[in-house]
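Below: the structure, in structure tokens.
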Amino acid sequence: MGRTARWKPEVRASHYAKNMSEEMTLAVDCGGGGIKASVLDSRGTLTASPVRTPTPYPLPPELLVKTTQDLAAQLPAATRVTMGMPGMLRHGVVITTPHYITRDGPRSRILPELVEQWANFDMGRALEAALGMPTLVLNDAEVAGAGVITGTGLEMIVTLGTGLGNAVFDSGVLAPHVEVSQGFVRWGLTYDDYIGEHERLRLGDAHWSRRVRRVIDGLRPMYVWDRLYLGGGNSKRVTAMNRAKLGDDVVIVPNDAGIIGGVRAWTL
């Protein structure tokens with residue numbers, strides 16, 4: 001039998017809603033240092049405390065699928081899956097993923113065999129086959145943004161963690177992804193290099209926070225957002241002095257947006 005065409009997310013959601021009393025979403029947030037998951041009801045409320053595991057390296061695609069299966073086994077039953085993962089993804093297919101092609105994680109040696117395995121890997125189809133549920137796979141910042149945007153005007157989210165993540169929404173509609181993290185800032189450093197976790201640990205929070213503020217000041221005239229959300233695990237580490245200078249158009253949001261956004265992401 002030939003491969004069937006993949007359903008569009010909105011079609012999948014409506015189809016399954018007719019057959020389940022309530023849609024339950026397994027939300028998986030994949031980062032450079034850890035992978036966490038939980039199950040949310042149709043209102044976006046957690047039905048269980050998130051479970052987490054360190055990101056295993058080296059990480060071929062099949063191992064990420066298996067890791068997701070292991071996390072799902074520790075959680076209540078779900079009817080669909082939302083995964084957010086770092087990198088450039090189009091329609092659930094991985095174009096590039098910067099961390100998962102390395103031997104030991106971010107900033108370690110790139111393995112050519114992993115570059116080949118991840119290129120054009122259909123993570124959406126692989127998860128559907130492994131978990132037997134409809135899936136939606138997006139960039140992790142896109143899922144986090146879905147959890148915090150108001151749906152009014154041009155809204156952008158920048159996540160601070162192992163590196164930098166980003167997503168843009170126009171009146172609640174997700175814009176085509178631009179991988180800002182791989183752009184160059186200065187001294188030949190990418191945004192990932194410049195304000196990633198490695199530099200925060202090297203510089204200390206005060207100096208690193210000034211870099212974050214410099215990056216926001218540089219992005220503002222490029223995107224001219226109505227509101228910028230600053231999320232990710234390191235957003236809380238921006239010092240109070242620098243936080244006060246970010247501007248009234250910048251809002252710092254909790255790190256759980258990458259899980260909470262798993263429900264709303266299906267409506268984007």
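Being a predicted model, the structure only gives us computed values, none of them experimental.
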Pairs satisfying side-chain hydrogen bond (donor to acceptor under 3.5 Å, both in side chains), at least one member in residues 25-39, at least two apart:
Thr25-Arg80
Hydrophobic clusters here meaning ILVMFWY residues chained together by side-chain heavy-atom distances under 4.5 Å, can you tell me if Met222 and Val185 are in one?
yes
Plane angle bin for Trp118 and Phe121 - parallel if under 30°, tilted between 30 and 60°, otherwise perpendicular
perpendicular
Once you round to the nearest 0.5 Å, how far does CD1 of Ile195 lie from CZ of Arg213?
13.0 Å
Report yes if the side chains of Arg227 and Thr152 come closer than 4.5 Å at any heavy-atom pair, otherwise no.
no
Please check: side-chain N/O of Thr82 versus main-chain N/O of Leu136, any donor-acceptor pairing under 3.5 Å?
no
Heavy-atom donor-acceptor pair, Thr79 side chain to Met24 backbone, under 3.5 Å
yes
Tell me, with the steps shown, if Leu268 and Val173 meet side chain to side chain contact (heavy atoms under 4.5 Å, CB included).
CA-CA 5 Å; Leu268 297 179; Val173 178; over 6 Å; no
Do any N or O atoms from the side chain of Gln74 and from the backbone of Val51 form a donor-acceptor pair under 3.5 angstrom?
no
Sequence neighbours excluded, every pair satisfying salt bridge (charged side-chain N to carboxylate O under 4.0 Å, His left out) that has a member inside residues 175-194:
Arg107-Asp193
Please find the pair of heavy atoms, one from Leu174 and one from Ala167, that lie closest to each other, and give the distance.
CD1-CB, 4.5 Å
So, using side-chain hydrogen bond (donor to acceptor under 3.5 Å, both in side chains) as the criterion, who are the partners of Asp170 when residues are at least two apart?
none
With a 4.5 Å limit on heavy-atom distance, are the side chains of Tyr57 and Tyr100 in contact?
yes
Minimum heavy-atom distance between Thr159 and Ala141, given as atom pair plus value:
OG1-CB, 4.0 Å
Just verifying a value: how many Å separate Glu155 CD and Thr150 OG1, rounded to the nearest 0.5 Å?
3.5 Å
My understanding is that only residues two or more places apart in sequence, or in another chain, count here; which of them pass side-chain contact (heavy atoms from CB on, under 4.5 Å) with Thr162?
His99, Pro106
Do Leu189 and Val180 share a hydrophobic cluster (ILVMFWY, side-chain heavy atoms under 4.5 Å, transitive)?
yes
Counterpart residues, salt bridge (Lys or Arg N to Asp or Glu O under 4.0 Å), relative to Arg211 (two or more places apart):
Glu199
With sequence neighbours excluded, tell me which residues meet salt bridge (Lys or Arg N to Asp or Glu O under 4.0 Å) with Asp226.
none
Flag side-chain contact, heavy atom, 4.5 Å: Trp208 against Leu160:
yes
For the residue pair Pro98 and Gln182, what are the closest heavy atoms and their distance?
CB-NE2, 3.9 Å
A side-chain contact here means heavy atoms from C-beta on lying under 4.5 Å apart; do Ile216 and Leu230 qualify?
yes
With sequence neighbours left out, the residues meeting salt bridge (Lys or Arg N to Asp or Glu O under 4.0 Å) with Arg220 are Asp217, Asp249
Are Asn139 and Met88 packed together at the side-chain level, in the sense that at least one heavy-atom pair is separated by less than 4.5 angstrom?
no
Closest contact, heavy atoms only, Thr47 versus Asp41:
CG2-N, 3.9 Å
Give, for atom CD1 of Ile149 and atom CD of Glu142, the distance between the pair rounded to the nearest 0.5 Å.
11.0 Å
Note: Asn242 and Ser209 closest approach over all heavy atoms is ND2-CB, 3.5 Å
Table please: side-chain donor-acceptor pairs of residues 58-67 below 3.5 Å, with sequence neighbours left out.
unit_1: Lys66; atom_1: NZ; unit_2: Asp70; atom_2: OD1; d: 2.9
unit_1: Lys66; atom_1: NZ; unit_2: Asp70; atom_2: OD2; d: 3.1
unit_1: Thr67; atom_1: OG1; unit_2: Leu63; atom_2: O; d: 2.8

Are Val148 and Val238 linked, directly or through other ILVMFWY residues, by side chains that come within less than 4.5 angstrom of each other?
no
Can Met123 be reached from Ile101 by stepping across I, L, V, M, F, W or Y side chains whose heavy atoms are under 4.5 Å apart?
yes
Through direct or indirect side-chain contacts below 4.5 angstrom among Ile, Leu, Val, Met, Phe, Trp and Tyr, which residues connect to Leu46?
Leu40, Ile259, Ile260, Val263
By ring-ring contact (aromatic ring centres under 6.0 Å, His included), which residues pair with Tyr229, not counting sequence neighbours?
none
Flag the pair Arg43 and Glu22 as a salt bridge only when some basic side-chain nitrogen lies within less than 4.0 angstrom of an acidic carboxylate oxygen.
yes
Is there a side-chain contact between Leu164 and Tyr194 in this structure, where contact means two heavy atoms from C-beta onward sitting under 4.5 Å apart?
no
Expected output: side-chain Thr97 to main-chain Pro86 donor-acceptor under 3.5 Å:
yes
Same cluster (ILVMFWY, side-chain, under 4.5 Å), Leu246 and Val253
no
Say you draw a straight line from CG of Leu127 to CZ of Arg125; how long is it, rounded to the nearest 0.5 Å?
12.0 Å
Does Thr102 reach the main-chain N or O of Ser108 with its side chain, forming a donor-acceptor pair under 3.5 Å?
no
Can you give me the closest heavy-atom contact between Lys236 and Arg243, atom names plus distance?
O-NH2, 3.4 Å
What pairs of residues pass the ring-ring contact (aromatic ring centres under 6.0 Å, His included) test when at least one of them lies in residues 147-171, not counting sequence neighbours?
none
Side-chain touch Met85/Val94, heavy atoms, less than 4.5 angstrom
yes
Is there a side-chain contact between Tyr223 and Leu228, using heavy atoms and a 4.5 Å cut-off?
no
So, does Asn166 use its side chain to make a donor-acceptor pair with the main chain of Val178 at under 3.5 Å?
yes
Mark yes or no for whether Glu116, through its side chain, and Pro112, through its backbone, hold a donor-acceptor pair below 3.5 Å.
no
Identify, with sequence neighbours excluded, every residue that meets salt bridge (Lys or Arg N to Asp or Glu O under 4.0 Å) alongside Asp256.
none
